[in-house]
Q: 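The structure's right below; bear with me while I get my questions together.
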Amino acid sequence: SYQDVIGRLRPIIIELERQRRSILVISHSAVQRCLYAYFTGTPMEDIPYLNMDMHTVVELRPGAFDCQVRSEKLWDTSPECPTPLR
């Protein structure tokens, strides 16, 4: 469950919050949803429904009162053509 994932992520989240430089996290979509929800303040019940696009870099910039989010799609794929379209 997502509660289990969040429980396992707690030490990682604490470490992420301590960092003062950029960090790149490459992970499973469930982990991405949990981290995104934590830093953006998304309610727990909405976590399973967060859309985390594949092949996309999501930049989270936590601030004092909110978190800025920016997404950059690396490439698109099509259901008919699973290889990257350039």
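Hydrogens, waters and symmetry mates play no part in the numbers below; they use all other heavy atoms, side chains included.
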Q: To the closest 0.5 Å, what do you measure between CD (Gln32) and OG1 (Thr56)?
A: 9.0 Å
Q: Once rounded to the nearest 0.5 Å, what's the spacing between atom CZ of Arg70 and atom CZ of Arg61?
A: 7.5 Å
Q: To the nearest 0.5 Å, tell me how far Leu35 CG sits from Leu60 CG.
A: 8.0 Å
Q: Would you name the heavy atoms of Ala30 and Val5 that are closest together and state the gap between them?
A: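 Heavy atoms only, the tightest pair is O-CG1, 4.4 Å.
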Q: Would you find more than 12 non-hydrogen atoms of other residues, nucleotides or ligands less than 6.0 Å from Glu72 atom CD?
A: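 Result for CD/Glu72: open.
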Q: Which distance, rounded to the nearest 0.5 Å, do you find between the SG of Cys34 and the NE2 of His28?
A: 10.5 Å
Q: Quick one, Pro11 and Ile14 - any side-chain contact, counting heavy atoms below 4.5 Å?
A: no
Q: Just wondering, are more than 12 heavy atoms of other shown residues or ligands nearer than 6.0 Å to CD in Glu17?
A: yes
Q: Do Ile26 and Val58 land in one hydrophobic cluster if side-chain heavy atoms of ILVMFWY residues count as linked below 4.5 Å?
A: no
Q: Same cluster for Val25 and Val69 if Ile/Leu/Val/Met/Phe/Trp/Tyr side chains link at under 4.5 Å?
A: yes
Q: Determine whether Leu16 and Tyr36 fall in the same hydrophobic cluster, where Ile, Leu, Val, Met, Phe, Trp and Tyr are linked whenever their side-chain heavy atoms lie under 4.5 Å apart.
A: yes
Q: Kindly compute the distance separating CZ (Arg33) from OG1 (Thr42), expressed to the nearest 0.5 Å.
A: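 The OG1 atom of Thr42 is 12.0 Å from CZ of Arg33, to the nearest 0.5 Å.
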Q: Please answer: with hydrophobic residues joined when any side-chain heavy atoms are less than 4.5 Å apart, are Met44 and Ile12 in the same cluster?
A: no
Q: Can you tell me how far CG of Asn51 sits from OG of Ser29, rounded to the nearest 0.5 angstrom?
A: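 Output value for this atom pair is 10.0 Å.
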Q: Treat each ILVMFWY residue as a node, draw an edge where side-chain heavy atoms are under 4.5 Å apart, and state whether Ile6 and Val31 are in one component.
A: no
Q: Could you tell me whether the side chain of Lys73 and the main chain of Val57 form a donor-acceptor pair under 3.5 Å?
A: no
